[in-house]
Asks: 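Submitted below is the structure of interest, expressed as structure tokens.
Order of the sequence lines fixes the chain letters, A, B, ..., with proteins taken first and strands second; residue numbering starts at 1 for each chain.
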Amino acid sequence: MSAPLLSVENLSVDFHLKRGWLARSLTLSAVRGVSFAIEPGRTFGLVGESGSGKSTIGRAILRLAEPSAGRILFDGADIAAGGRRTPLAYRRDVQVVFQDPLSSLNPRQSVGTTIAQAIRRHRRSSGAALEKEIAGVLDSVGLATWQAKRHPHELSGGQRQRVAIARALAVRPRLIVCDEPVSALDVSTQSQVINLLVDLQRERGLSYLFIAHNLDVVRHISHSIGVLYLGRLVEVGPAARVYGAPAHPYTRMLLASTLVADPRVQAERSRARRTLPRSEPPSPLAPPPGCAFHTRCAWADETCRGGAPAFCARGGDRLVACHRLEEIERCAH
Amino acid sequence: MKQLLLTRLLSVAPMLLLVSLFAFLLVHATATDPVAQILGQGASAADRAEYARKLGLDRPLAEQFLAWLGNALRGDFGVSLYTSLPVAESIRERVGVTLSLALAGMAFAVCCGLPLGIAGALRQGERADRLLNVLVSIGLAVPSMWLALLLSLAFAVTLRWFQVVGYTPFAESPLEWARALVLPSIALGVHAAAVIARQTRSAMIEALHSRYVQALRSRGLTRRRIVLGYAVRNALVPVLSVIAIQMSVIVGVSFVIERIFAIPGLGTLLIDSVVRADYPILQGTVVAIACFVLLVNLAVDIAYGLVNPRVRAD
Amino acid sequence: MKRLLQPVPLVCLAWLALLAALALGAGAIAPHDPHLPAIKHRLASPGALYWLGTDDLGRDTLSRLIFGARTALLASFESVGIGLAAGVSLGLAAGYLGGWWDRVAMRLADVMQSIPALLLALALIGVLGKGLANAMVAVGVIFAVSFLRITRAVVLAEREQLYVDAARVLGLRPFAILLRQILPNIAAPLIVQASIALGTALLIEAMLSFLGVGAESNEVSWGAMLDTARQFQSQQPLLPVFPGLAITFSVLAFNLLGDVLRDAMMPAGTAHPRAATLAPAAPADTPPPPAAEDALLAVRDLTVAAPGGAELLSGVSFHLRRGETLGLVGESGCGKSITAAAIMGLLPAGVGVASGSIRLGGAELVGLPESELRRVRGKRAGMVFQEPVAALSPVHTVGRQLVDAVRAHEGKTGRLSGRAARERAAELLAMVGVPDPRRRLDDYPHQFSGGMAQRVVIAGALACEPELLIADEPTTALDVTIQAQVLDLLMDLRERLSMSVLLITHDLGVVADACDRLAVMYAGQIVETGTVEAAFARPRHPYTAALLAAMPRGEGSGTALATIPGRVPPAWDWPAGCRFHPRCAHALPGCAAAPVALADGVRCRRSGELHLQGTA
């Protein structure tokens, strides 16, 4: 196991919501004490539903959101070491692909301008050399050179997402934060973009932080998976194990709720999920005390209401935060 | 709802303070020296200093402001430099007239603008709607004073349905008061009516194309019920903000309309004070009218809260 | 820029060009000296010497109008220029710096706006002294406030855009982002607003001059001419006509130009449907799909056309049995939602059924008048939508909306009392699993989570116990765990109320979970129908097989996902022959030759020879 490229240690992010002139401001703890690491050339998948804080973690790594506690190390160095300024080298190393490709591309810039701007911020390049570089980047995401003249609204959803990937690739990053990159796409386009990301990783040794709500998609692309619930990680581990044998009750619920295009497998999942308690997720503004999941958990008892569970190891490199893990496992067998 | 009311009421106070500060500084930033203005060029330096001291102009600006504000809070805006009458008195005499005129103009604008806008949205693209769009464009472009002249020429001078000029207070004769306000309020309200019609039309069109209207249709509600029960109320949300802005415009334009129909409102007082650099009157009028506009905005805010539950909840 | 070549903007531009020419060349063009009194000709009517007559001092009206154009334009451009310069820079600063800068700027703007524009102008004139230049500085200050607001609003909106985040992640400098990413987006609304402001400035100049505090006596202003007209109109009724017209036309020209610019600068992206290249009619589907005896809904050869003639649906046929759930599957743009809208009689304006039939419980729906269709909607067929919160009126309580749904189909006799209707609404909420239903009737939609709002929408659709429920992507906008709960609810209700469900979705997982049969749509046609079991185990159309293969199914990233190249073509550009052939891995040259009919539940010439991979 090599040294991690990026490690997130005890990260917390709070937002202060203003409510008028007189009302007290509310604090939304979007992320609470999250730790994980991404190794070079690997993909770490973050799964969670809306309000789980998954995008906020990505934004904190990109320095678009300010952590209230904890730190983020890249190549072993704290990315906040330089204060509010972010070194240009970090901007080159870490790039982003957002969910909605239409709003993540400037509507008034052509594809070529967008990519040229990225290249020129980090390298001296102009004229024919720049043209050639743009053509090369477009080619690597499966777009033709003539498409450099197109504007975002002239492209399809899948093509826009390719442009967003090209913009990230243009500065030759080592880590790309992919924030729900395929959830706005149709099935057929979704698979094209996933394949592209996998191929690029293989060719260039890129690392990904892959953020999504669909466990199947995350499983497909990730080496490790972290499951988030109301700002906390509840389970982390190798993708095959988290997906194949989920330990935390929430991961189980998530898997049971994920629909598959196979009537027989799906019939089993449906049966499993119909045994689960039905409840609404609580508001992230007022997370339940103790284990935040206890309001929706079939196993919850007094201990779960009392205090937040700590991580415990489950077979090597898997961590699960649950008070009643042993009872659950005993019953499952 | 209570909290909304409270926060809005409280936010009016700092606004008023800022308006007062603005009105105060307005005069003190001036290049024209009020003392020279009053005493004329021939006055001796000693006379001027004496007069300046009498007016308190030799004290620091902050002190002058506090003194002025303190007096203003007690309803004392000083005396006119020309007539030597108390400013508050002059304003009090005329403010009712201006309010009558402005509110009548707004009533006309709302009564015309809302139904026309709704009708246009319901007939979107049809001949009636295109005609409405032409009328709205013209309504937005016609200067109110010209309209007033034409109305007066047609209905007062030629047809003699109304008096050409003049105003009767409500207390004297409500009927005459209303009669005197007909032509001025139409002249005043046409522009605002056009603005309101245009905003209502686009808000109604948006509402009629919304997903919830489709859902209401899918449940088999009649068109009448959907339009009157749902679309109109949704469309009212943006229209209310426009009405608030137009109220302020109408108050301003009423000064012009006053002149045409010789209505003794704040406008005449104000224009005289501008021409004569009678700054206490200027200050007092600015504060009084800003007060009125802020109150109207407050009322609209509250109406907004009644229509829009999301505002109420916060 | 094509829109500027339409008649209305051309007339506006021509008028403004004329004004500009008159203003510039006033001295040379005007037939008389605008200031020269000729008392013996005072208040003359239009004639050979004075084309538009004279005023009280015998000055030529036409010449004064021409010189007035100079004053009007100069004043307008001066004030708008000042407003733009001050407003845009302050707005950029307030919007981009945010924090205290922003708060102070906005408080000041609020104060300025609580003082009527004309009053502010009068006050500033009182301070700065009379005269047009001062007056227009005052007006400029007022415009600055409105330009400040627009600029700030655009900056704030653009700052939230993901592309600005992406630019920050690229390491672009803040100033570069402001200048190159944000500023260009402000240009369009500013140009529009400036055009309208020019008109407003012209009006205000006229008003100030009318009041005698604007243009000086040695300047000519249309407003001042109106004031003269006011005093002498009883003697010469034509006096107010010409200056009034001049002001009206000029303001109108600026306003209309602003409107045209607004339309022209709307962000592109709405593709203009071109005239459809009419594909040759498909041969009749052989054999015609059996109109099952027990079919509740039977759609046959349904063709729906858009205004340009493009066929959104071409010969769609399927049926839905009583108590059954049929999944209508396909990518976006294949015509699923149009099919639903056609059944409900809710097609968008201009779009209409060109041919075919929709029978619900034996009764034909195509061609029914709106009043009859209304009786079907809600009573016999209910509908559930993709974005539940958008499907509820935001300013009405949930209870009011449910009560209206309950009462939508009551006749003149047998009206429910208000209390009974409310009781029924609470029952409905309880039925769809909303906790504490009585209390929640008084809540507004924004107080419901997405999942709960979808339950409310379902309750509304079921208020009159329809036999058919059409659910258009009912779970797509919901979280994974909630999506499963809503699907379970729908299936549960189907059984309890013995309904049939037409479930429209792009998610084959939803179909696997909830449907008995499926109909796969591609490019406005049904390409395959069959039971879910059979179609998933052994798809017969390459499109079905490709959709199934594209879904990740829990393998690691070692395996590449199958893909479908390209995308669904737009409705005016359906390919000739088999509509899927350009994207099909199994296409042969013959596939492009002729349209393919739906035969034995599949629309593929090669269905007999292909052995396609399913999921099982």
Asks: Could C/D488 and A/R273 be called an ion pair, given the rule that one side-chain N must be under 4.0 Å from one carboxylate O?
Replies: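 Answer for the salt bridge query: yes.
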
Asks: Sort A/R167 into side chain, backbone, both or neither according to what part of it lies under 4.5 angstrom from a heavy atom of chain C.
Replies: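 Both backbone and side chain.
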
Asks: Quiz question: by atom type and distance under 3.5 Å, do the side chains of A/Q192 and C/T563 form a donor-acceptor pair?
Replies: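 There is no such pair (donor and acceptor under 3.5 Å, judged by atom type) between the side chains of A/Q192 and C/T563.
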
Asks: Heavy-atom distances under 4.5 Å only: say whether A/H151 touches chain C with side chain, backbone, both or neither.
Replies: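 A/H151 has no heavy atom closer than 4.5 Å to chain C.
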
Asks: What part of C/R567 gets within 4.5 angstrom of chain A, counting heavy atoms only: side chain, backbone, both, or neither?
Replies: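 Only the side chain of C/R567 comes within 4.5 Å of chain A.
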
Asks: Of the backbone (N, CA, C, O) and the side chain (C-beta and beyond), which part of A/V94 lies under 4.5 Å from a heavy atom of chain C, both, or neither?
Replies: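 For A/V94, the contact with chain C is made by the backbone alone.
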
Asks: Please examine the side chains of C/I482 and A/P281, heavy atoms only from C-beta on, and report whether any two atoms are closer than 4.5 Å.
Replies: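 Yes, their side chains come closer than 4.5 Å.
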
Asks: Tell me, side chain or backbone of C/V510 under 4.5 Å from chain A's heavy atoms, or both, or neither?
Replies: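 Interface part for C/V510: both.
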
Asks: Throw together a table of side-chain donor-acceptor distances under 3.5 angstrom for residues 175-182 of chain C, partners on residues two or more places apart or in other chains.
Replies:
residue : atom : partner : partner atom : Å
C/Q181  : OE1  : A/N106  : ND2          : 3.1
C/Q181  : NE2  : A/Q117  : OE1          : 3.1

Asks: Please identify, among C/N185, C/V164, C/V568, the residue contributing the most non-hydrogen atom pairs under 4.5 Å to chain A.
Replies: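 Highest number of pairs under 4.5 Å: C/N185.
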
Asks: Under a 4.5 Å cutoff for heavy-atom pairs, which residue among C/G171, C/C515, C/A550 has the most contacts with chain A?
Replies: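 Of the options given, most contacts go to C/G171.
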
Asks: Which answer fits C/L548, side chain, backbone, both or neither, if we ask what part of it has an atom under 4.5 Å from a heavy atom of chain A?
Replies: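 Contact with chain A involves the side chain of C/L548 alone.
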
Asks: Against chain A, label C/Q483 side chain, backbone, both or neither, depending on which of its atoms sit under 4.5 Å from a heavy atom there.
Replies: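 Contact with chain A involves the side chain of C/Q483 alone.
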
Asks: Please classify the contact of A/S156 with chain C as side chain, backbone, both or neither, using a heavy-atom distance under 4.5 Å.
Replies: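 Interface part for A/S156: both.
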
Asks: With a 4.5 angstrom heavy-atom cut-off, could you sort out which part of C/A562 is near chain A: side chain, backbone, both or neither?
Replies: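 Interface part for C/A562: backbone (N, CA, C, O).
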
Asks: Give, for atom OG1 of C/T481 and atom CG of A/L255, the distance between the pair rounded to the nearest 0.5 Å.
Replies: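 Nearest 0.5 Å value for the OG1-CG distance: 12.5 Å.
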
Asks: Need one label for C/P565: side chain, backbone, both or neither, based on atoms under 4.5 Å from any heavy atom in chain A.
Replies: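 Contact with chain A is through the backbone of C/P565 alone.
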
